[in-house]
Amino acid sequence: MSTPYPFTAVVGQTDLRLALLLNAVSPAVGGVLVRGEKGTAKSTAVRALSALLPAVDVVPGCRFSCAPAAPDPACPDGPHEDAPGTARPARMVELPVGASEDRLVGALDIERALAEGVKAFEPGLLADAHRGILYVDEVNLLHDHLIDLLLDAAAMGASYVEREGVSVRHAARFLLVGTMNPEEGELRPQLLDRFGLTVEVAASREPAQRVEVVRRRLAYEDDPAGFATRWAGDEADVRARVVSARALLPQVRLGDTALLQIAATCAGFEVDGMRADIVMARTATALAAWAGRTDVRKEDVRQAALLALPHRRRRNPFDAPGLDEEQLDRILDGFPDEEPEPEPEPEGPDDGPEGGPDGGGGVPPQGGGPEAPERDGTPEAPETPEGRPQAPEPSASPAGTAPEQAAVQAAEPFRTKMLSVPGLGEGAAGRRSRARTAHGRTTGAQRPRGQLTKLHLAATVHAAAPHQKARGRSGRGLVVRKDDLRQATREGREGNLVLFLVDASGSMAARQRMSAVKGAVLSLLLDAYQRRDKVGLITFRGAGAELALPPTSSVDTAAARLELLPTGGRTPLASGLLKAREVLRLERLRDPSRRPLLVVVTDGRATSAGDLGGDPRELSGRGARLLAADGVTSVVVDCESGPVRLGLAGALAGDLGAPVVTLDGLRADSLAGLVNHVRTSSPTLRRAA
């Protein structure tokens with residue numbers, strides 16, 4: 001077994017280490033979600049935490065880690081009566097992104113259950129993580145149904161497996177830690193709320209600290225055992241402090257003043273629900289115990305708010321996580337300080353700048369600080385007084401072309417009608433188009449291809465029944481063989497690749513008009529986020545088309561690119577259509593099961609051939625027909641306005657074999673009878689579906 005990197009050797013990341021240690025002191029805090037850019041020691045710190053947890057006493061031979069002093073009465077390996085205990089180190093169990101439901105919650109031996117009537121249960125990762133740490137790297141990429149199972153088990157402290165009338169329950173209490181890179185997509189707000197604390201991490205911009213990171217990492221890789229030995233003293237000190245804080249935790253007093261501060265803070269920041277109040281109370285109590293005190297003070301409440309509230313204030317993926325610290329101080333200053341009895345400070349490890357845990361923690365880096373992560377490797381745009389990105393100044397344009405207009409802000413987003421791809425797909429689970437999925441309503445049965453995952457009980461019994469006499473059945477049990485098993489086929493919803501093709505030419509440059517267009521695209525992006533789609537953004541103007549955002553799960557990145565999108569120049573519609581075709585071709589090679597939905601946002605004008613040469617109208621029609629021949633499902637959002645309309649977007653939609661929808665027609669609350677789904681009368685698209 002390889003030697004893990006020591007927890008106390010992690011340089012900087014004070015808030016990350018503090019949040020992890022608070023959960024080690026009080027697992028009831030509810031776990032930690034670590035958000036940050038790649039290469040910031042997220043995984044290293046989490047994996048190192050298990051070495052600081054005290055050993056656990058378990059019943060020998062129990063696969064569910066029952067405590068000898070208080071065994072689980074419903075343990076599948078029980079009953080454990082007066083069982084002697086044995087100590088073992090706390091486990092850290094990793095949940096892979098590609099894990100199946102059976103691997104997470106456990107699996108039943110269906111053949112034995114049917115033939116012998118016994119509950120033959122193979123425990124999953126939730127059982128392995130009981131009384132330890134469950135670590136989910138890239139938690140935002142985990143399937144939604146797995147996240148739901150995981151968070152339900154963490155909230156209830158137990159895992160339930162119920163299939164075909166067979167029910168198993170076992171204890172599953174663990175410290176849940178998830179890490180994620182926001183550039184790869186966000187978690188839904190409902191799931192964010194289930195994590196107790198969140199921490200934003202970023203690489204230090206201080207050269208001296210970066211040098212120390214490299215020095216320690218190279219020393220560890222050259223001699224892992226020797227490096228760990230040099231830090232063994234600090235590790236032992238922190239481990240002893242965790243044990244001491246755990247023992248002190250029941251004695252910590254959470255006074256009425258502290259409770260009022262917590263309630264006022266959550267109300268002042270308009271946090272939904274009551275989970276934030278409970279998490280803040282538990283966190284403030286753990287902070288006091290970690291500091292060796294038996295009373296909760298204002299600084300504990302403040303630090304608890306900085307760790308427990310930022311991720312709970314997000315209403316949609318375009319809201320940046322964070323907390324207004326001036327507002328927080330104003331709320332807390334409205335309450336008088338309690339006069340705590342003086343207590344001696346506990347002895348702890350050296351908490352200097354060399355990377356040891358900081359007893360009081362620090363302030364999570366918020367946007368604009370020296371350690372705030374940069375977005376997409378590009379400088380941040382200046383902000384307006386309202387806090388939104390400021391549009392760049394108009395740039396000069398070559399002679400003979402329309403001048404480039406400054407970017408305008410998007411109108412307020414709205415709830416859109418659902419657009420879906422016709423037919424039945426087999427893509428990644430999501431919430432948009434119909435698909436064959438592992439979860440959903442049962443539509444039939446088939447012989448399993450590989451490992452059986454979802455048994456169709458009626459079809460299995462039907463297949464086995466004619467052979468009972470030939471198999472010598474004499475008792476009540478049904479004689480079932482492997483060839484009799486049938487896999488349930490289910491229909492649910494899939495996520496799609498929604499590729500936006502946005503006209504940013506001069507004909508769209510009227511400020512009010514472009515604001516409405518951006519608002520519509522922003523609304524569709526929000527819909528794509530809620531339906532778990534991948535999104536991409538192509539813009540065309542001037543001399544050609546540009547892939548502004550390659551297909552990604554990060555819709556907030558797409559929104560940021562859209563916000564700063566300038567307009568101006570001629571309209572190379574054909575270049576945009578051909579660029580979309582090329583992007584979709586490459587994505588089909590990368591992910592052939594994910595079906596695309598092309599959303600063309602334009603007024604239909606084509607005034608430039610770009611680098612193609614020829615008649616712009618003819619070229620755009622040809623490009624649209626190529627996309628239709630590829631079987632790409634499209635929808636055209638007609639942005640033409642005014643009393644006189646040319647209907648060019650409708651002609652484009654005809655070439656694409658797609659419906660045309662006005663900006664107003666996208667609204668879910670518009671007149672009844674407008675588009676609910678992407679439908680087409682094109683024989684080519686019907687055959688492709």
Side-chain angles (χ1 to χ4, degrees), residues 23-31 50 53-93 95 99-136 145-177 194 196 242-243 246-247 249-251 275 278-279 282 285-286 455 477:
N23 275 271
V25 171
S26 176
V29 166
S50 60
L53 298 183
V56 295
D57 291 329
V58 298
V59 174
C62 178
R63 298 173 298 168
F64 302 89
S65 303
C66 281
D72 182 6
C75 176
D77 285 355
H80 306 299
E81 297 179 359
D82 300 326
T86 180
R88 66 159 174 79
R91 293 174 180 161
M92 196 202 73
V93 177
L95 175 62
S100 65
E101 181 180 342
D102 288 344
R103 186 71 186 99
L104 177 63
V105 301
L108 292 169
D109 189 330
I110 300 296
E111 290 184 75
R112 290 191 62 192
L114 287 174
E116 305 174 27
V118 297
K119 297 179 181 179
F121 180 69
E122 184 66 28
L125 295 177
L126 292 180
D128 293 341
H130 180 45
R131 305 176 68 195
I133 302 173
L134 182 60
Y135 171 46
V136 188
H145 74 280
L146 292 182
I147 296 178
D148 291 335
L149 289 170
L150 178 65
L151 295 177
D152 284 344
M156 296 185 296
S159 175
Y160 295 85
V161 183
E162 298 189 18
R163 295 181 183 174
E164 279 70 42
V166 182
S167 177
V168 174
R169 173 212 169 274
H170 64 84
R173 292 183 295 274
F174 46 81
L175 167 55
L176 177 62
V177 182
R194 300 294 288 274
V242 169
V243 173
R246 279 190 174 187
L249 187 65
Q251 305 173 36
R275 184 175 284 116
I278 297 171
V279 171
R282 290 171 174 166
T285 303
L455 178 76

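Throughout, numbering of the chain's residues begins at 1 and tracks the sequence.
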Can you check whether Val136 reaches Ile147 side chain to side chain, under 4.5 Å on heavy atoms?
no
I would like to know whether Phe64 and Asp72 meet side chain to side chain contact (heavy atoms under 4.5 Å, CB included); could you show each step before the answer?
CA-CA 9 Å; Phe64 302 89; Asp72 182 6; over 6 Å; no
Contact between Val93 and Ile133 at the side-chain level, heavy atoms closer than 4.5 Å - yes or no?
no
Using every non-hydrogen atom in the two residues, find where Ala87 and Asp57 come nearest and quote the distance to one decimal.
CB-OD1, 3.5 Å
Closest heavy-atom contact between Ala69 and Pro71?
C-CD, 3.7 Å
With side chain to side chain contact (heavy atoms under 4.5 Å, CB included) as the test, would you mind laying out the steps for Cys62 and His80 before giving the verdict?
CA-CA 9 Å; Cys62 178; His80 306 299; 3.5 Å; yes
Can you measure from OH (Tyr160) to CG (Asp152) and round to the nearest 0.5 angstrom?
11.0 Å
Determine whether a donor-acceptor pair (N or O, by modelled atom type, separation under 3.5 Å) exists between the side chain of Asp77 and the backbone of Arg63.
yes
Is Arg173 reaching over with its side chain to a backbone N or O of Arg131, donor-acceptor style, under 3.5 angstrom?
no
If every non-hydrogen atom of Pro60 is compared with every non-hydrogen atom of Thr86, which pair is closest and at what distance?
CG-CG2, 3.9 Å
Where the side chain of Arg91 meets the backbone of Gly132, is there a donor-acceptor pair that is under 3.5 Å apart?
no
Minimum-distance pair of heavy atoms, taken over all atoms of Ala28 and Arg282
O-NH1, 3.1 Å
Go through it in stages, so that I can follow the logic: the residues are Leu175 and Leu134, the test is side chain to side chain contact (heavy atoms under 4.5 Å, CB included), and I'd like the CA-CA distance, side-chain angles, deciding distance and then a yes or no.
CA-CA 6 Å; Leu175 167 55; Leu134 182 60; over 6 Å; no
Closest heavy-atom contact between Gly196 and Val279?
O-CG1, 3.2 Å
Looking only at heavy atoms, the pair that brings His130 and Ser65 closest together is CD2-O, 3.6 Å
Apply side chain to side chain contact (heavy atoms under 4.5 Å, CB included) to residues Leu150 and Leu95 and explain how you reach the verdict.
CA-CA 10 Å; Leu150 178 65; Leu95 175 62; 4.3 Å; yes
Between CG of Leu149 and CG of Leu126, what distance do you get to the nearest 0.5 Å?
8.0 Å
Which value, rounded to the nearest 0.5 Å, describes the distance between Leu53 atom CG and Asn23 atom CG?
10.0 Å
Apply the test side-chain hydrogen bond (donor to acceptor under 3.5 Å, both in side chains) to residues Arg246 and Ser26: give CA-CA distance (whole Å), side-chain angles for both, the deciding distance (0.1 Å), then the verdict.
CA-CA 7 Å; Arg246 279 190 174 187; Ser26 176; over 6 Å; no
